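Just so we're on the same page: letters track the sequence lines, and every chain starts at 1. All values reported here derive from a predicted model rather than from experimental measurement.
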Amino acid sequence: MSIYDSLNQEQREAVHHTEGPLLILAGAGSGKTRVLTHRIAYLMEEQGVNPWNILAITFTNKAAGEMRDRVDHIVGMGSESIWVSTFHSACVRILRRYIDRIGYDNNFTIYDMDDQKTLIKDVCKALHIDTKIYKERSIMHAISSAKNEMLSPERYEKSIGGDYSKQKIADAYWEYEKQLKANHALDFDDLLLKTVQLLETQPDVLDYYQDRFRYIMVDEYQDTNTVQFQFVRLLADKYKNLCVVGDDDQSIYKFRGANIKNILNFEAHFADSKVIKLEQNYRSSAHILKGANAVIRHNVGRKEKSLWTENPEGEKINVQSFDTGYDEAEFVAEDIENQVRNGHSYNDFAILYRTNAQSRLFEERFVAESIPYKIVGGINFYARKEIKDILAYLKTVDSGQDDLAVRRIINVPKRGIGLATIGKVQDSAIEREIGFYEALGGTDLIPGIGRSAKKLDSFVALIAYFKEQSKDLSISDLTKEIIEKTGYLDEVNKEEQEVAEARIENIDELLSKIATYEEACMDADEPPTLRGLLEEVALVADIDGLDENQDYVVLMTLHSAKGLEFPQVYLVGMEDGLFPSFMTVTGDDPEEMEEERRLCYVGMTRARERLVLTCATRRMVRGEIQHHRQSRFVGEIPEELKESGKGSRTMQKFNKVAETNPRSRARRVFHTPAYGGGQKVPQQFVVKSGQSLDYQVGDRVSHGKLGEGLVMEIIQGGRDYEVTVDFDGVGVKKMFSSFAKLVKIVL
DNA sequence: CCTACTACGCTTTTT
DNA sequence: GCGTAGTAGG
């Protein structure tokens with residue numbers, strides 16, 4: 001009995017077909033991950049392929065990690081030398097080695113969307129582009145699309161004809177590229193684009209990677225865009241051992257440049273390719289699967305296929321209708337609580353919605369009922385202000401080449417360096433064709449700088465001090481040093497208590513992430529470096545932080561849910577105008593409606609045993625009440641597969657309204673999910689061994705700067721204690737015990 | 001140069 | 001409803 005016997009005939013065929021191009025059309029829940037992992041195992045065990053000759057591309061780091069684990073599990077050893085990674089991290093690895101060949105610095109930084117937006121803003125200012133007319137967002141989007149289609153500024157400009165507004169965008173694109181290069185920075189799209197340029201222009205590099213990756217596998221192929229397609233095509237061109245897996249019914253990233261033709265035309269792109277369809281679904285109950293099939297059948301532009309299952313019929317799809325979004329959230333919370341009382345665990349449940357904004361009502365309800373939950377997405381952890389600030393310090397200490405980072409922190413915390421001064425430094429830097437940070441090194445050369453020179457000098461001295469420290473300290477300690485010495489923590493503590501607590505919680509989490517990174521490096525026998533950390537941080541996706549082993553309800557957008565499965569799924573906000581979105585309902589693009597429908601299909605097929613669809617007739621959207629009717633997608637499910645709520649609930653509203661107003665704002669900041677930290681598991685007090693404090697709540701302590709005070713509270717944070725002290729005449733402060741250096745006063 | 005206030009615009013979805 | 005950009009006053 002071999003491990004391959006557990007596969008069905010089509011799956012086995014896909015595993016055994018190792019030479020030449022292969023397209024696996026894998027319906028939802030048809031076991032494609034199983035096929036991919038077994039295929040890798042087969043290549044290594046039966047075909048004797050070296051693990052380092054295999055490249056597997058997934059969409060998220062989480063998927064990559066899981067795939068590696070599963071391969072590890074099957075073959076035992078050797079899986080660590082397979083490249084299993086996302087498009088982006090694979091490209092970074094290649095670029096770190098060779099990008100100097102095309103005129104960039106191998107030590108480049110990666111700009112996230114926030115940085116991009118700041119840069120675009122600068123560009124618009126420099127070019128006198130009115131951002132009221134040309135929105136940063138749309139310029140960014142236009143540039144991103146151009147890059148996805150592999151249009152350089154030159155080619156973009158040629159393509160636009162005499163269009164005046166597009167000319168503006170072309171101008172911005174030129175300048176944007178210039179600035180990126182000056183900052184030694186690449187944006188997300190560049191990671192792909194520059195890699196393709198590199199492979200296209202450097203035959204020896206291309207040859208090296210073609211030989212290295214003799215067997216290439218790509219997951220979620222329906223969501224690849226043009227530049228990703230080129231990347232794959234180039235690498236596979238020599239040996240043609242390319243296996244792609246996808247499902248055109250699950251293509252949901254058109255807005256991001258995904259080109260569905262990549263999958264529809266696979267056979268045309270790659271000669272002598274083989275196509276295998278996986279149509280048996282192992283995940284969902286028959287009722288759920290039939291319902292999903294019925295919905296997706298309304299799409300015209302798709303490859304006809306019919307998913308079937310041997311699974312039992314199961315419960316009918318539960319459809320519930322409510323008056324308001326509050327009622328909807330209350331129902332879901334209660335429904336979950338009821339089932340947990342009956343033996344289900346919290347991580348059996350997922351709540352899926354169309355827009356991130358919808359998470360709030362559920363979050364409030366869950367907090368009120370102490371249901372542990374985790375929100376995936378929303379504002380990315382690494383996009384939070386305090387995190388970006390600290391990372392900007394680390395970037396500056398590391399290289400000082402990233403002007404954006406330097407400018408971000410030059411006056412954070414406040415040092416009396418204002419916009420006017422920054423402008424003068426900037427002008428002088430441009431004048432002399434040097435970097436911003438470099439210009440700070442010679443303040444006497446900056447005209448009209450006046451009294452600000454001293455402040456700038458002391459900033460430079462501060463950074464220099466950290467640079468010196470970074471030689472001896474671990475990254476964790478360096479970071480703590482930065483938080484303390486810059487006065488950042490004091491600044492945070494000056495904010496409103498609840499805001500400050502949330503920020504400290506986030507900073508604490510960053511510190512533990514850094515520590516985790518350092519430990520991982522130690523395990524791998526590599527020295528932890530600032531650069532390595534910053535890179536890892538730049539490429540994480542929200543979903544990467546999800547951990548199935550933790551017991552919490554997860555909340556996320558339908559987009560984030562792709563590739564996941566749950567015993568029970570609540571698809572909430574099933575309303576025309578919300579899902580399908582307002583834009584789609586009012587617009588007249590049938591293709592957009594089809595993409596929404598695919599999204600619905602993806603959502604429904606996440607459920608294994610039970611699927612609940614809910615809607616509200618009234619809900620607050622952007623501060624005003626909107627009325628919606630039930631989503632057309634619900635109507636597309638045959639009646640015999642549905643059962644409606646046993647008495648749809650009309651609840652008294654008065655007690656709920658009160659809860660939404662007064663503290664909701666502060667509460668939101670406080671409870672806002674920290675990626676990775678959003679779970680509100682009832683606090684556990686686990687004290688780590690080897691670490692203890694010589695004071696406790698109620699003791700009098702003394703602090704170097706703040707004098708004496710009374711310890712109010714001690715909370716075990718990630719790797720440290722968070723101590724609240726009421727200082728005499730100064731007030732209540734929160735701080736980390738490890739660098740607050742509090743001393744107990746013995747009376 | 002900093003802070004506090006007002007007005008506006010925004011929400012689809014994200015590696 | 002919320003965050004941010006822009007403005008006025010200190």
Side-chain angles (χ1 to χ4, degrees), chain A residues 57-64 85-92 110 112-114 116-117 121 131-132 135-138 140-141 144 147-148 187-192 219-220 223-225 227-228 251-258 352-361 376-380 383 385 411 413-423 450-452 455 494 538-544 556-563 573 577-587 592 595-596 598-600 602-603 619-626 660-661 664-666 668-669 672:
Chain A
I57 297 191
T58 59
F59 251 68
T60 62
N61 294 304
K62 178 172 186 282
S85 68
T86 62
F87 275 108
H88 297 271
S89 35
C91 287
V92 170
I110 301 166
D112 64 17
M113 286 200 320
D114 231 52
Q116 277 183 58
K117 201 172 163 199
K121 212 176 285 176
T131 51
K132 287 238 163 61
K135 300 254 177 301
E136 288 102 335
R137 265 181 73 91
S138 58
M140 264 169 74
H141 189 252
S144 175
K147 287 186 175 183
N148 285 164
D187 66 21
F188 271 109
D189 303 309
D190 281 337
L191 297 179
L192 267 302
D219 195 9
E220 308 283 11
D223 286 324
T224 52
N225 60 31
V227 64
Q228 289 167 334
S251 162
I252 54 173
Y253 282 108
K254 188 167 165 223
F255 70 93
R256 200 170 77 190
L352 308 182
Y353 36 76
R354 179 67 237 269
T355 65
N356 279 308
Q358 285 167 261
S359 67
R360 222 189 90 222
L361 290 180
V376 175
I379 312 168
N380 188 306
K385 181 183 178 300
N411 198 31
K414 303 257 148 52
R415 306 189 170 87
I417 301 172
L419 250 55
T421 308
I422 293 172
R451 273 175 292 141
S452 302
K455 297 170 185 166
K494 272 190 219 136
L539 296 176
V540 293
D542 295 314
I543 201 76
D544 296 338
M556 66 182 104
T557 62
L558 289 152
H559 283 89
S560 302
K562 195 178 62 160
L578 192 60
F579 183 37
S581 76
F582 180 76
M583 299 289 280
T584 327
V585 174
T586 50
E592 274 186 30
E595 177 136 326
E596 295 277 313
R598 289 194 290 270
L599 200 50
C600 182
V602 167
R619 81 166 66 231
M620 281 282 234
V621 181
R622 274 182 268 148
E624 56 188 43
I625 293 169
Q626 293 198 353
T660 52
N661 295 337
S664 68
R665 181 174 175 180
R668 178 160 171 70
V669 178
T672 284

**Request:** List for me each residue that meets side chain to side chain contact (heavy atoms under 4.5 Å, CB included) alongside A:S89, sequence neighbours excluded, and say none if there are none.
**Result:** A:N61, A:S85, A:T86, A:L539
**Asked** With sequence neighbours left out, what residues match A:H88 under ring-ring contact (aromatic ring centres under 6.0 Å, His included)?
**Response** A:F188
**Message:** Using the C1' atom as the point on both nucleotides, what is the distance between B:dT11 and C:dG6, in whole Å?
**Reply:** 23 Å
**Item:** Residues in salt bridge (Lys or Arg N to Asp or Glu O under 4.0 Å) contact with A:K455, at least two apart in sequence or another chain
**Value:** none
**Item:** Per-nucleotide protein contact string for nucleotides 10-15 of chain B (B base, S sugar-phosphate only, - none; heavy atom under 4.0 Å)
**Value:** BSBBBB
**Message:** Checking A:F582 now: which residues fulfil ring-ring contact (aromatic ring centres under 6.0 Å, His included) with it, not counting sequence neighbours?
**Reply:** none
**Those residues that, when tested against A:T58, pass side chain to side chain donor-acceptor pair (under 3.5 Å) (two or more places apart)** = none
**Asked** Among all residues two or more places apart in sequence or in another chain, which pass the side chain to side chain donor-acceptor pair (under 3.5 Å) test with A:D189?
**Response** A:S144, A:N148
Please write out each protein N/O paired with an N/O of nucleotides 5-9 of chain C under 3.5 Å, distance rounded to 0.1 Å.
from: C:dA5; atom 1: OP1; to: A:K121; atom 2: NZ; distance (Å): 3.0

**Request:** Would you please name every residue forming a side chain to side chain contact (heavy atoms under 4.5 Å, CB included) with A:K254, sequence neighbours left out?
**Result:** A:E591, A:E595
Atom pairs under 3.5 Å: protein N/O with N/O of nucleotides 2-6 of chain B:
from: B:dC2; atom 1: OP1; to: A:N411; atom 2: ND2; distance (Å): 3.2
from: B:dC2; atom 1: OP1; to: A:G416; atom 2: N; distance (Å): 3.2
from: B:dT3; atom 1: OP2; to: A:K414; atom 2: NZ; distance (Å): 3.2

**With sequence neighbours excluded, residues passing side chain to side chain contact (heavy atoms under 4.5 Å, CB included) with A:T60** = A:K62, A:A63, A:I543, A:D544
**Request:** Give a yes or no on whether the backbone of A:I110 and the side-chain of A:D187 come within a donor-acceptor separation of less than 3.5 Å.
**Result:** no
**Request:** Only counting residues at least two apart or in another chain, list the ones meeting side chain to side chain contact (heavy atoms under 4.5 Å, CB included) with A:M620.
**Result:** A:I625
